[in-house]
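All figures in this text were calculated on a predicted structure; none of them were measured in a lab.
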Amino acid sequence: MREGSHFAKYPFGAEPLPDFDLSLALLTATVLVAGVVRGLSGFGTGLIVAPIAGALYDPVTAVVMLVIIDSLPTLPVALPVVKLARWREVLPVLAGLALFVPLGVYILKNGDEIVLRWIICMIILACALTLRSGWRYHGPRGLPLSFGIGGIAGTLSGIAAIPGPPVIIYWMASTLPVAVVRANLMTLFLISEIFSAGNLWAAGLFEQSRVMLGLLMIPPYMFSLLLGGKLYGIASDTTYRRLAFTLIIASALIALPLTEMVFNWLFSDARMLSSTE
């Protein structure tokens with residue numbers, strides 16, 4: 001999939017905008033889907049976009065792009081629900097997240113690309129399958145556990161801009177109303193982008209080509225995000241959760257390095273067959 005990656009072809013600063021190729025078209029379609037899911041449920045952008053963008057380009061580009069599209073463009077949807085968030089639930093998680101984002105960014109900067117893609121996809125699959133199974137955590141929910149959940153979220157945020165999995169499992173398994181869970185998630189993710197952006201900048205990962213790709217994805221993401229926000233309340237909670245989990249699982253499976261290997265094998269086999277005819 002990544003053979004057509006724009007960033008492997010041009011050096012830094014040589015090209016202000018990415019070429020419109022198959023990779024960009026697939027990424028745009030993925031962002032559109034993710035925006036609708038995010039507007040509906042309050043989560044899903046990173047879980048859907050991170051594995052696909054990482055496969056089409058690379059994990060670092062995926063993280064930079066996600067931080068860009070998931071910050072300012074989310075304000076019209078996130079700000080109205082901030083007043084519903086329960087800060088006694090959000091603040092301990094936010095504290096752990098802020099402290100552990102640098103660890104995730106360090107892993108992202110120094111880790112092997114293929115290994116990172118495997119880790120990202122498997123974490124997303126585990127999260128989605130756990131939520132879809134209906135499993136619920138019934139243990140204590142004190143400050144230490146909330147801080148620990150935030151620490152895991154911060155590490156994942158630095159690695160792949162996906163702080164969601166541990167927090168989603170933690171809050172969606174609670175007795176909190178769905179509207180409050182959605183508000184907590186959107187508030188946490190909005191604030192967490194500040195920490196992610198600062199750490200990525202300090203690590204020197206905001207290269208021009210990656211930033212331009214993120215800026216290019218803002219219009220389609222904003223359109224689909226607002227559409228998802230309008231659709232919220234029309235479908236039942238069960239329907240939008242089932243849709244979100246299905247899309248997340250499909251995204252992770254499509255982006256697995258193993259899937260890419262099979263695709264490349266089938267494609268090369270088909271080319272050899274056509275050339276012999």
Side-chain heavy atoms of Leu205 within contact of Val63, under 4.5 Å: no
Test side chain to side chain donor-acceptor pair (under 3.5 Å) applied to Asp70 - qualifying residues, sequence neighbours left out: Arg38, Tyr221
Closest approach of Ala62 to Ala53 (non-hydrogen atoms, all atoms of both residues): CB-CB, 3.6 Å
For Ile123, all residues meeting side chain to side chain contact (heavy atoms under 4.5 Å, CB included), sequence neighbours excluded: Ile119, Leu156, Pro165
Report, one line per pair, each donor and acceptor closer than 3.5 Å where one atom sits in a side chain of residues 191-198; sequence neighbours left out.
unit_1 : atom_1 : unit_2 : atom_2 : d
Ser192 : OG     : Leu188 : O      : 3.3
Ser192 : OG     : Phe189 : O      : 2.8
Ser196 : OG     : Ser157 : OG     : 2.8
Ser196 : OG     : Ser192 : O      : 3.3

Note, Met217 side chain near Met65 side chain (heavy atom, < 4.5 Å): yes
Non-neighbouring partners of Ala29 that pass side chain to side chain contact (heavy atoms under 4.5 Å, CB included), sequence neighbours left out: none
Partners meeting side chain to side chain contact (heavy atoms under 4.5 Å, CB included) with Asn110 (sequence neighbours left out): Tyr106
For Thr187, side chain to side chain donor-acceptor pair (under 3.5 Å) partners two or more places apart: none
Heavy-atom closest pair, residues Pro163 and Ala153: O-CB, 3.3 Å
Nearest-0.5 Å distance that lies between atom CD1 in Ile149 and atom CD1 in Ile168: 12.0 Å
Value rounded to 0.5 Å, distance of CG in Leu108 from CG in Leu103: 11.5 Å
CG-CG distance between Leu176 and Asn184, expressed to the nearest 0.5 angstrom: 6.5 Å
Residues in side chain to side chain donor-acceptor pair (under 3.5 Å) contact with Ser146, at least two apart in sequence or another chain: Tyr170
Note, Arg117 side chain near Pro59 side chain (heavy atom, < 4.5 Å): yes
Side-chain touch Trp171/Val180, heavy atoms, less than 4.5 angstrom: no
Test ring pair (Phe, Tyr, Trp, His ring centres under 6.0 Å) applied to Trp201 - qualifying residues, sequence neighbours left out: Phe206
Can I get a per-line list of side-chain donor-acceptor pairs under 3.5 Å for residues 75-97, giving both atom names and the distance, sequence neighbours left out?
none

Sequence-distant partners of Ile218, side chain to side chain contact (heavy atoms under 4.5 Å, CB included), two or more places apart: Ile68, Ile69, Pro73, Leu215, Met222
Working for side chain to side chain contact (heavy atoms under 4.5 Å, CB included), residues Leu125 and Met122: CA-CA 5 Å; Leu125 281 172; Met122 298 312 294; 4.2 Å; yes
Distance, nearest 0.5 Å, that separates CG of Leu213 from CG of Leu24: 6.5 Å
Validation row: Ile107, Leu116 side chains within 4.5 angstrom (heavy atoms): yes
Val60 side chain near Lys109 side chain, heavy-atom distance below 4.5 Å: no
Cluster companions of Phe223 among Ile, Leu, Val, Met, Phe, Trp, Tyr (side-chain spacing under 4.5 Å): Leu32
Distance in Å, Thr155 OG1 paired with Ile162 CD1, rounded so as to fall on 0.5 Å steps: 11.0 Å
Rounded distance [0.5 Å steps], CD1 in Ile52 versus OG1 in Thr30: 5.0 Å
Least distance between heavy atoms, Ala160 atom then Ala50 atom: O-CB, 3.7 Å
